[in-house]
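One structure is given here, and the rest of the page talks about it.
Computed over heavy atoms, backbone and side chain alike; hydrogens, waters and symmetry mates excluded. Here is how names work: the chains are called A, B, and so on, in the same order as the sequence lines, proteins then strands, and each is numbered from 1.
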Amino acid sequence: MDFLTELRSRLRTALTSLTDSPDSYVEMLKLSQDGKFGDFQANCAMPLAKQTKKAPRDVATALIEKLDVADLCDPPEIAGPGFINLRLRSDRLAAETAKLTKDDKLGVAEVDSPKTYIVDFSSPNVAKPMHVGHLRSTVIGNALCRILRFLGHRVLSDNHVGDWGTQFGMIIYGYKNFRDDAAYQRDPVSELARLYRLVNQLSDYHELVANLPKQREKLPLSEAALVAARQSAAANPADKDALRLVKKSEQELSDLKGAIASAEKKCQSIDENSALKTLADAHPKIGELARRETAKLHAGDVENKRLWDEFVPKCMLALESMYQRFGITFDMALGESWYNPMLAGIVDELKNQGMAVVSEGATCVFVEGNDAPFIVQKADGAFTYATTDLATIRYRVDTLHADACLYVVDSRQSEHFQLLFATAKKIGYDKTEFRHVSFGTVLGEDRRPYKTRSGDTIGLESLLDEAIQNARKIVDENSSHLSEPERANVSILVGMGAIIYVDLHHNRDSDYVFSWEKMLATTGDTATYIQYAYARVCGILRKGDVDAKQLRSAGHSILLDTPAERALALQLNRFSNALGDVAVDYRPNLLTQYLFETANSFASFYNECPVLNAEPDALRASRLLLCDATARILKQGLNLLGIGVADQM
RNA sequence: GCGCCUGUAGCUCAGCUGGAUAGAGCAACGGAUUUCUAAUCCGUCGGUCGGGGGUUCGAAUCCCUCCAGGCGUACCA
């Protein structure tokens with residue numbers, strides 16, 4: 001039973017005579033932060049006392065009188081300034097735990113009013129191989145889908161792949177000019193990726209070469225500005241603004257120097273490579289020409305459309321193999337191209353309604369409070385991802401009847417989503433929950449975005465391979481009792497689990513530092529720890545030759561006479577609540593935390609309470625039931641995160 | 001310039017719709033195994049929650065301000 005939710009509902013009833021707005025007070029009933037304060041604590045008497053100008057302890061006393069929890073808790077106690085401490089009755093906790101051990105859904109009730117969620121995640125660019133930057137979106141989005149679905153919602157996962165943008169023009173241009181037919185026959189996707197990188201690099205080169213003189217001209221100006229700022233600050237040491245100006249000038253100068261150095265380095269790498277240099281010289285307008293290929297594709301050019309039709313399925317197939325490794329399937333993968341036919345209509349509508357105006361040649365929506373425009377059509381007539389995203393909203397709400405649309409996307413795009421949602425609301429989509437489920441960057445040990453030493457982004461494929469290889473070493477050290485195929489299987493589970501868990505266990509808002517050492521640590525708060533706990537439970541059930549189905553249906557009672565058993569039982573009953581917490585603000589880290597605590601409770605129990613040798617039989621049966629329920633919750637919980645388990649490891 | 005985010009133990013991070021002595025993991029140190037997997041458990045050490053003001057009976061949490069860092073900011077997505 002979800003005791004927290006039940007107790008809150010009881011508290012709500014008790015509060016009705018004391019306040020008209022019980023909601024915020026009900027929330028103040030939470031898990032105790034310390035076992036000596038009982039299992040739950042209600043902190044609402046103090047603020048309520050302030051409102052009514054009474055003594056907090058008197059309010060607490062009055063509240064307790066109204067609070068009907070005698071069937072659930074020992075008599076409530078008032079402590080300190082007016083905390084109400086609640087401790088569950090052991091008989092009730094035991095009875096509810098017994099019920100949970102027999103429940104297929106492990107005490108998780110389906111939500112009263114299911115919603116239709118569209119979860120937009122992963123969304124790689126088909127032109128480029130997936131890299132570490134796609135990891136978080138993929139992993140967080142998948143976890144949210146599974147959790148919301150388990151709670152009883154209708155969930156549609158959508159891979160909104162980038163298959164229509166500027167990058168496609170680069171591929172087409174590269175294919176027409178630089179392709180290696182043999183390589184394309186052998187491995188089309190790698191060849192296309194190579195062509196993309198090449199065109200991108202050459203086009204960058206020309207842009208940098210064109211801009212370098214301007215930047216170099218700025219250098220003396222920036223230096224002079226710094227000197228002037230320093231002089232002014234020296235003349236007025238107390239002037240804070242002057243000091244600030246010095247810092248700012250220093251920053252700007254250093255940024256400028258950095259930009260020039262980085263540009264020079266990039267140009268140099270081309271200049272020194274005669275083959276690349278020859279190509280660069282032969283294609284001086286490559287950037288513009290690639291953009292033109294995109295425009296032709298969008299305009300329906302037969303040849304480009306044919307190439308697009310040829311490339312996209314190959315790319316999608318390659319992506320598919322990646323998702324298979326994660327065990328992810330999408331309900332749909334409607335890429336940008338799918339919305340193409342609707343874009344002109346969207347812009348027309350915005351114009352007709354007077355919401356979009358032409359500014360500096362581009363068609364824009366201006367949202368109050370934002371200086372930057374939301375550009376729905378560029379000066380050259382091309383549509384942008386803003387247009388596509390509006391069309392997507394229209395489809396998701398009008399056709400798919402979404403109650404909520406989640407976008408699991410990098411936090412750097414927050415401004416885009418703010419404008420997108422504001423615009424959607426303006427055109428009438430004001431009943432749907434739109435939510436940018438944002439997340440931070442994966443950093444390297446140097447606190448810069450995670451890259452290889454040479455500065456390339458790290459491919460996801462090789463990252464996963466490396467994780468599994470590293471896991472294999474650990475498995476070999478620890479599991480001499482397993483056969484070769486078993487070890488290989490466990491290595492995959494441990495390696496993949498490590499990557500997924502590390503990502504999910506951080507608060508999604510924060511950046512995190514990627515570290516192999518921490519991730520694959522065999523101790524502490526890791527996937528491995530939880531997987532191991534699961535395997536240990538399985539070991540007990542296997543060794544005892546326990547028929548789980550029979551065990552569950554035999555009608556055994558649960559006995560909770562030791563602290564370890566009681567703590568574990570309480571923890572098992574929290575599963576439902578933990579999942580609910582995830583759904584409130586789309587935070588999977590609350591589930592990783594719960595699972596770690598559960599595995600931890602089990603480990604203590606395991607240490608203190610013998611199971612197979614327990615006597616009498618009633619105690620043995622009770623402990624076996626706790627083991628079985630623990631295993632099921634750990635397995636189900638990890639499964640909701642996209643992480644697998646093995647019975648032995 | 002404007003906007004968003006971040007700053008918590010030596011390290012990596014939770015906690016942030018205000019509540020009791022600020023929590024984990026790692027690292028360090030000390031214990032536990034004739035008993036179901038020691039990839040384990042128990043304990044110790046460790047923090048003026050970036051600084052300063054304010055609101056409050058009560059602030060890591062809310063407000064103001066300063067400092068430090070990251071990101072975004074008109075035709076890439």
Quick one: which of rC11(B), rA74(B), rU37(B) gets closest to the side chain of Ser359(A)? rA74(B)
Considering only atom P, compute the distance from rG46(B) to rC41(B) and round it to an integer number of Å. 23 Å
When you get a sec, tell me which of rC67(B), rU37(B), rA14(B) is the closest nucleotide to the side chain of Asn507(A)? rA14(B)
Do you see a donor-acceptor pair shorter than 3.5 Å between the side chains of Tyr512(A) and Asp503(A)? yes
Under a plain distance cut-off of 3.5 Å, with no hydrogens placed, do Gln593(A) and Asn589(A) share a side-chain donor-acceptor pair? no
Would you mind checking if Arg587(A) and Asp509(A) are paired as a salt bridge, meaning a charged N to carboxylate O distance below 4.0 Å? yes
For rC13(B) and rG72(B), measure between their C1' atoms and round to the nearest Å. 25 Å
Taking atom types as modelled, is there a side-chain donor on Trp164(A) or Asn340(A) under 3.5 Å from an acceptor on the other? yes
I'd like to know if Asn600(A) reaches the base of rA24(B) with its side chain such that a donor and an acceptor end up less than 3.5 angstrom apart. no
Between the base of rA39(B) and the ring of Tyr529(A) - centre-to-centre under 5.5 Å, planes within under 30° - is that a stack? no
Picking from rG15(B), rA38(B), rA20(B), which would you name as closest to the side chain of Ala79(A)? rA20(B)
Can you tell me if Thr523(A) touches the phosphate of rC41(B), counting only side-chain N or O atoms and a distance under 4.0 Å to OP1 or OP2? no
Using a 4.0 Å heavy-atom cut-off across all strands, classify Val513(A) as base, sugar-phosphate, or nothing. sugar-phosphate
Counting only side-chain heavy atoms from C-beta out, which of rU37(B), rG18(B), rU35(B) sits nearest to Lys50(A)? rG18(B)
Check whether any side-chain N or O of Ser604(A) sits under 4.0 Å from OP1 or OP2 of rC42(B), and answer yes or no. yes
Whether Phe37(A) stacks on the six-membered ring of rA20(B) base, 5.5 Å and 30° limits: yes
Once you round it to whole Å, what is the distance between P of rC16(B) and CG of Asp585(A)? 10 Å
Pick the P atom in rU61(B) and in rU56(B), then give their distance to the nearest Å. 16 Å
